[in-house]
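Structure record follows, encoded as structure tokens.
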Amino acid sequence: MPSVPGTEPPVDRGPLHPIELATAAVLGGVTVGLVTIGSVVPFAAALNLVSAVPMGLLAHRYRLRAIASAAVSAGLVSFVAAGLLPAIGVIATATIGGIIGIVKRRRGGLPLVLALSLLAGACWAGFSLAGLAAFSTTRELVFQNVRDMAGGLRRLLAHQPQLDPLGRAITTITEQVLHWWWLYIGAGTLFGIVVTSLFSWFVLGSVLDRLRWLPGSDLLAAPADPRPIDPLPVRLSGVSFRYPGAKSDALSDIDLTVERGEFVAVVGHNGSGKSTLTRLLAGRPPTAGSVWRPGSAGLGRIGGTAMVMQRPESQTLGVLVADDVVWGLAPEAARDVDVEALLSEVGLGGRGRVETSTLSGGQQQRLAVAAALARKPALLIADEATSMIDPDGRRDLVALLASLPARHGMAVVLVTHHEADAAAADRVVHLSGGRQVQQLPSWPRPARNPRRRPIGEPLLRLRGVGHTYNRGTPWSVSALHGVDLTVHRGEAMLIVGGNGSGKSTLAWIMAGLVRPTSGSCLLHDYSGARPVHKRIGAVALAFQHSRLQLQRQTVGAEIEDWGGRGTGSGAVGRALDAVGLDRAMASRSIEELSGGQAKRLVLAAMVASHPQLVVLDEPLAGLDPQARAEVVELLARLRDSGQTLIIISHDVADMENICDRTVDLRAGRIEVGEQAVAAERSVPRGDVVNPRMGEAFGGAR
């Protein structure tokens, strides 16, 4: 049965969609935290002023039922955690945020805000009066406390004859208010909701306008399919797909069939359309051509389609490993799952009671496979599941995926950049530019880049550095043990190690973002040796997932934000030149960047901020061969400009071409002592191979 071509799947009816549930859970949790802390901690009351932002953003993006679900669940959590008043505060916050978000979404104005706030105020006034009327004993107790306070204040003021009239006036007004309590409380509640809504329209509305550009659509969303779940075999005939607003197709004229028992590999470079193909296999309809399957795709359903994504930490939801395997399953379905057998099958046997936060990246990917298998899928799609783990973990994960079709009678589709990952596949589909090709164009490996500048004096010293997470608690985990390391000015150092060896913890300590629990990490500069955590900004850290540290709407705004005051268009242009990006990209949206461009933008932003040392955590992760070669060449240029680099990477073969030495980190310890730095094999210090790069990093030399 062919699917009906369409564009964006409808989201205005039916039960809550996964992205609505996920967003409501996250933003509801943020609201709970803001309101609870603002109510309990006296000096944090200002947090209540911003607590409407998450709910406003939710109402701005999704249906009324999404914010209603978030408000009810967040209110219950607040009630359990902090009591009745914070719970009421959460609901009131959701009311205000909902009004502003809905009006913004429907492109309304101030009159609509006024009308909705009057309606909401009347509802809140009625709720307040009904509650006070129903709990009359409690009401009288509260009223008596108010009378006692007014009487006490009157007696206090009576000690000064000139203030006695004020005391009498206070008691008279108090009695009048308490006598006509239903009028004053009802009118006061109505007035408060209306005034707060009008004020929030200008403040919260401006915030929502600035956040309008953030993405909020579910790329896996598909129209409801009433047929029974039966995703295989799936046949794509002449399929094309174009995203809404795009000028060209992401996929064109694709013919593909996936049968039960097959292990199919889809190989392509960044932007080739691989992820778009997985979305069509998972149930999203094409914009041209047809997709046939005997039933519905059943994404996330028992017996349907399961997906393992690129970032392992983004799909880990349970606190314990065993909890994560059955997370989201109905109770009766969860009881039928042999959790220990699944964990043993993926190589995690005996780890059911281990916290998921202690797993390495490779182990988290194995856990994601176990959670997928708990749904007994007919089709398992692994979208770049091997790109963020070390070589050993990658080989093990591919071997595991290759074994599943024979053992479970299912089909597995592995999407990858690496031809080596496809060696075990029954069939390999190559994609380039959104089309099927016989083979991918080959890209040369990064060439050896000999050093052209000498290495200088010590810049960063680590002595006896150790770090324990959750120290002093039953959940403490040791990540580093007695690390001694010296980084010299102008040096390019490669730190290698498997997943879970402590590399990322070491990177955060060297950047000053985490203080070690033992030992010292000192930065040597013009002001002497100081702990690096007291010199925030002197060491820049490029995250493994570059998109996580890009916070502005456009490329130019991001660079200006990193550079601080005085960073104008000229400085932005020079920073883009330094990393090989066209100056015209300054006006492009962050959301339009590829993975390689995002990594380059982070480095351009660092150019503008003039750090003394740059730490890069897995700079090649998730990149295709072309982008990898470009980033390696860029790092060589940075090194030759005099910039000090610490590169943490699994990709030893590529990175050893530009690094002066390699440090092996295993189980939180440096396996081999530091090697002597060969500073003599470089050109005289006065030579700058790339004047533009030297100028850009002039403040860091």
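Position 1 is the first residue of the sequence; numbering continues from there.
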Is the side chain of [X] donor-acceptor paired with the backbone N or O of [Y] at a distance under 3.5 Å, no angle test?
X      : Y      : answer
Ser344 : Glu340 : yes
Ser78  : Val90  : no
Arg463 : Ser520 : no

- [ ] Check step by step if side chain to side chain donor-acceptor pair (under 3.5 Å) holds for Ser546 and Arg600.
- [x] CA-CA 9 Å; Ser546 300; Arg600 286 173 175 265; over 6 Å; no
Nearest 0.5 Å, what's the [atom1]-[atom2] distance between [X] and [Y]?
X      : Y      : atom1 : atom2 : result
Leu522 : Leu462 : CG    : CG    : 8.5 Å
Leu638 : Glu633 : CG    : CD    : 10.0 Å
Leu523 : Arg530 : CG    : CZ    : 9.0 Å
Glu355 : Asp323 : CD    : CG    : 10.5 Å
Arg471 : Ser478 : CZ    : OG    : 10.0 Å
Thr662 : Leu494 : OG1   : CG    : 4.5 Å

For [X] versus [Y], what's the shortest heavy-atom pair and its separation?
X      : Y      : answer
Leu367 : Leu348 : N-CD1, 3.7 Å
Glu558 : Gln549 : OE2-O, 3.4 Å
Val325 : Ala370 : CG1-O, 4.1 Å
Ile647 : Cys659 : CD1-SG, 3.8 Å
Ala511 : Val539 : CA-CG1, 3.6 Å
His269 : Lys274 : O-NZ, 3.2 Å

- [ ] State whether Asp396 and Arg394 are salt-bridged, where the test is any N-O pair (Lys NZ or Arg NE/NH1/NH2 against Asp/Glu carboxylate O) under 4.0 Å.
- [x] no
Open item on the list: If the threshold is 4.0 Å, N to carboxylate O, is there a salt bridge linking Arg639 and Glu491?
Closed with: no
[X] versus [Y]: any side-chain heavy-atom pair under 4.5 Å?
X      : Y      : result
Leu601 : Ile590 : yes
Val496 : Ser649 : no
Leu645 : Met493 : no
Val487 : Thr644 : yes
Val346 : Leu400 : yes
Gln364 : Arg366 : no
Arg489 : Gln612 : yes
Leu635 : Leu603 : yes

Will you find, in the side chains of [X] and [Y], an N or O donor that is under 3.5 Å from an N or O acceptor?
X      : Y      : answer
Thr517 : Tyr469 : no
Asp324 : Thr316 : no
Gln365 : Gln315 : yes
Ser504 : Asp617 : yes
His524 : Glu457 : no

Open item on the list: Quick one, Met585 with Gln597, criterion side chain to side chain contact (heavy atoms under 4.5 Å, CB included). Give me CA distance, side-chain angles, the key distance, then yes/no.
Closed with: CA-CA 10 Å; Met585 291 189 66; Gln597 290 171 332; 3.9 Å; yes
Open item on the list: Quick one, Val369 with Leu397, criterion side chain to side chain contact (heavy atoms under 4.5 Å, CB included). Give me CA distance, side-chain angles, the key distance, then yes/no.
Closed with: CA-CA 9 Å; Val369 173; Leu397 183 59; 4.0 Å; yes
Task: Sole candidate of Leu613, Leu541, Ile495 that passes side-chain contact (heavy atoms from CB on, under 4.5 Å) when paired with Met510 - done: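 When Leu613, Leu541, Ile495 are each tested with Met510, the side-chain contact (heavy atoms from CB on, under 4.5 Å) holds only for Ile495.
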TODO: Let me see the working for Leu320 and Val354 under side chain to side chain contact (heavy atoms under 4.5 Å, CB included), right down to the final yes or no.
DONE: CA-CA 6 Å; Leu320 300 179; Val354 173; over 6 Å; no
TODO: Please step through side chain to side chain contact (heavy atoms under 4.5 Å, CB included) for the pair Asp421 and Arg395, ending with a clear verdict.
DONE: CA-CA 7 Å; Asp421 292 349; Arg395 286 190 294 269; over 6 Å; no
